[in-house]
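Structure first, commentary second.
All of these numbers come straight from a predicted model, not from anything done at the bench.
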Amino acid sequence: CRGWNGSAYGYRQAGGAQGWDAAPPGYFHHPEGNLYSGLCGVGEPSFLCGSLVTTDCSCCECDLYGLPDWNTEMQEVRDIHYRHVKELHDAGVTMLRVDAALYENVTQTASVLNLFPWDYVYLEWWGEYPVGIHDEYIGNYRDVALGWKIADALASERNLSKLPQILDIPYGTFGVSNDLAVYPHTFHDKRTDEAVQSIATYKNGLEFHQQQKFHMAWPWTQRILLWGGYSWTDVQQGPPGCEHGMDTCTPDSVFDASGVAACMDTPVASPLPDAEAQSRRWVCEHRWAGVAGLVGFRKACRGRPTSLVHSAADGRLAFKAGEDCLVALVRGTNDKWPQGYGRLGDWPLSGLAVGLPPGRYCDVASLSSRFQAGQQRSCPREVVVGSGGAVASGRVPEGDLLAIHAGARLPDAPPRRALRAGP
């Protein structure tokens with residue numbers, strides 16, 4: 001077999017691309033006297049190796065999905081891995097995701113990774129109760145369960161009275177604390193061929209976008225991951241330009257000839273129309289309207305305590321983060337899987353007592369670029385707070401989210417000049 005760069009591999013050995021990365025069969029775990037067999041295998045459906053858990057390293061010497069397992073006890077193997085990792089670091093990579101972390105020996109992996117001053121390292125994690133050694137020696141845990149809970153609260157849940165409970169979610173994965181977690185809203189291993197309401201992908205359209213906005217606006221989480229990807233018709237596909245049957249390929253550029261990102265428009269319905277959901281193009285969810293503005297909101301408001309402003313059983317929720325930040329949202333409906341409560345419509349905020357300083361605020365969740373403090377004169381959506389701390393004008397579109405904070409205020413609108421009467 002030949003890899004993407006032309007290097008040969010197969011029969012439990014690898015030819016390498018640079019000489020020093022060649023690996024003979026003896027560099028992989030094998031039974032004594034048999035270089036061409038693995039010690040054990042791991043994969044679907046259980047992903048276990050004779051133990052009831054994977055955190056005990058019972059699978060650490062097994063071939064995952066038939067891939068020969070490196071014998072990292074050997075110094076020669078660790079030297080190869082060191083040179084691979086050094087290439088990444090020298091190229092400017094400062095953050096790492098350690099794939100299949102449960103199937104790797106922690107101390108041997110750490111002996112290579114910890115030779116470099118990474119900014120951040122996290123582990124692929126599925127829901128196992130941590131035993132402490134992984135976060136002590138390698139990095140944080142990827143916690144996918146929190147995203148599932150957010151998707152359930154904002155898409156699948158039919159009982160509108162439960163909406164305020166989204167602020168009381170105590171954790172994603174049991175045993176993984178906030179300070180040791182990084183929370184993605186979606187990730188590659190949970191893609192589906194068709195839209196599935198309970199699984200967050202771009203195919204769910206506006207529902208997905210509201211969920212990723214909440215993911216950013218909720219101040220409780222210390223670290224989150226944003227997703228920017230491409231569309232697919234089946235989950236085995238790579239990026240556009242790389243299709244089934246191609247021996248080699250070059251992915252299509254994200255940018256067109258004029259340098260503009262050729263990404264999918266921000267969705268306005270749930271789920272996406274089939275023509276968009278089943279297309280082959282760049283989606284760039286991280287470029288959808290509101291994401292850039294919410295980066296600034298998160299920097300200003302993350303970690304602040306929340307207090308409810310509106311929590312009636314009407315599918316609308318508003319809460320403050322500290323004294324200067326406000327988030328408001330209204331549930332949408334799904335045209336394919338209606339939740340049963342019908343369309344709630346836009347939410348006029350006039351009269352809502354929010355307790356923010358008076359002024360004209362930019363709804364940063366409507367921005368396609370970051371808020372320019374001191375330069376911004378208007379925003380796609382704005383909120384005016386009166387002298388008594390109540391909203392004078394502003395609205396939340398159905399199925400969307402609004403976010404304002406004191407650091408994103410706009411100049412007061414100039415008074416209208418009276419028209420002069422005739423001579």
Side-chain angles (χ1 to χ4, degrees), residues 1-11 13-18 21 43-45 47 63-68 84 87-88 91 93 96-100 124 126 142 144 147 151 184-209 211-212 225-289 291 335-336:
C1 301
R2 293 208 171 266
W4 286 101
N5 69 345
S7 59
Y9 68 97
Y11 206 39
Q13 55 195 304
Q18 304 179 71
D21 53 347
E44 297 179 288
F47 293 97
D63 294 354
L64 178 62
Y65 284 124
L67 297 172
H84 277 306
E87 283 187 326
L88 294 174
V93 175
L96 293 179
R97 169 188 180 272
V98 181
D99 194 32
E124 181 187 34
W126 280 100
R142 180 194 71 175
V144 297
H185 185 55
T186 189
F187 55 102
H188 68 287
D189 285 329
K190 262 295 184 181
R191 294 182 297 165
T192 56
D193 290 346
E194 306 286 341
V196 176
Q197 190 175 33
S198 61
I199 298 177
T201 71
Y202 78 94
K203 292 177 184 280
N204 288 322
L206 184 58
E207 280 184 345
F208 174 89
H209 193 31
Q211 292 160 27
Q212 76 166 350
L225 287 176
L226 296 179
W227 176 270
Y230 54 83
S231 57
W232 63 84
T233 58
D234 73 75
V235 297
Q236 299 303 317
Q237 289 173 318
C242 294
E243 306 302 335
H244 292 316
M246 292 182 174
D247 291 331
T248 60
C249 70
T250 300
D252 295 342
S253 174
V254 177
F255 302 94
D256 63 22
S258 62
V260 177
C263 298
M264 185 178 288
D265 291 337
T266 304
V268 296
S270 305
L272 277 182
D274 285 343
E276 291 185 82
Q278 301 301 110
S279 64
R280 295 286 290 132
R281 60 175 300 182
W282 292 102
V283 177
C284 317
E285 296 92 330
H286 65 300
R287 289 179 176 268
W288 285 353
V291 173
D335 295 330
K336 188 173 183 179

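- Distance NZ/K203 to CD/Q278: 3.5 Å, rounded to 0.5 Å.
- With hydrogens and angles disregarded, no donor-acceptor distance shorter than 3.5 Å links the side chain of Y202 to the backbone of G229.
- Judged by distance alone, with hydrogens and angles left aside, the side-chain atoms of T266 form no donor-acceptor pair with the main-chain N or O of W288 at under 3.5 Å.
- Between atom CH2 of residue W232 and atom OG of residue S279 there is a gap of 10.0 Å, rounded to the nearest 0.5 Å.
- To the nearest 0.5 angstrom, C263 atom SG is 9.0 Å from W282 atom CH2.
- Atoms CG and OG1, on L272 and T201 in that order, are 8.0 Å from each other to the nearest 0.5 Å.
- With E276 contributing its side chain and M264 its backbone, the two residues share no donor-acceptor pair below 3.5 Å.
- Heavy atoms only, all atoms of each residue included: E44 and Y65 are closest at CG-OH, 3.7 Å.
- Contact between C249 and G241 at its shortest, heavy atoms only, is CB-O, 3.6 Å.
- In this structure the side chain of V268 never reaches within 4.5 angstrom of the side chain of L206, judged on heavy atoms.
- In terms of heavy-atom proximity, A17 sits nearest to S7 at N-CB, 4.2 Å.
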#### Entry: side chain to side chain contact (heavy atoms under 4.5 Å, CB included) assessment of N204 paired with Q211
CA-CA 10 Å; N204 288 322; Q211 292 160 27; 5.9 Å; no
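- In terms of modelled atom types and a separation under 3.5 Å, the side chain of R280 and the main chain of S231 share a donor-acceptor contact.
- The backbone N or O of P271 lies less than 3.5 Å from no partner atom in the side chain of D335, so there is not a single donor-acceptor pair.
- Using modelled atom types, one side-chain atom of Q237 and one backbone atom of D234 make a donor-acceptor pair closer than 3.5 Å.
- Of the inter-residue distances, the one linking Y230 atom OH with D252 atom CG reads 12.0 Å to the nearest 0.5 angstrom.
- A distance-only check finds no donor-acceptor pair linking the side chain of H84 to the backbone of D21 [under 3.5 Å].
- Closest heavy-atom contact between T186 and A200: OG1-O, 2.5 Å.
- With rounding to the nearest 0.5 angstrom, the NE2 atom of H244 is 7.0 Å from the CD atom of Q236.
- Not one N or O on the side chain of R287 forms a donor-acceptor pair closer than 3.5 Å with the backbone of D265.
- Aromatic ring orientation, F208 versus H185: tilted (interplanar angle from 30° to 60°).
- A salt bridge links E124 and R97; the closest N-O separation between the charged side-chain nitrogens and carboxylate oxygens is under 4.0 Å.
- Within 6.0 Å of CG in D99 there are more than 12 heavy atoms belonging to other residues, nucleotides or ligands.
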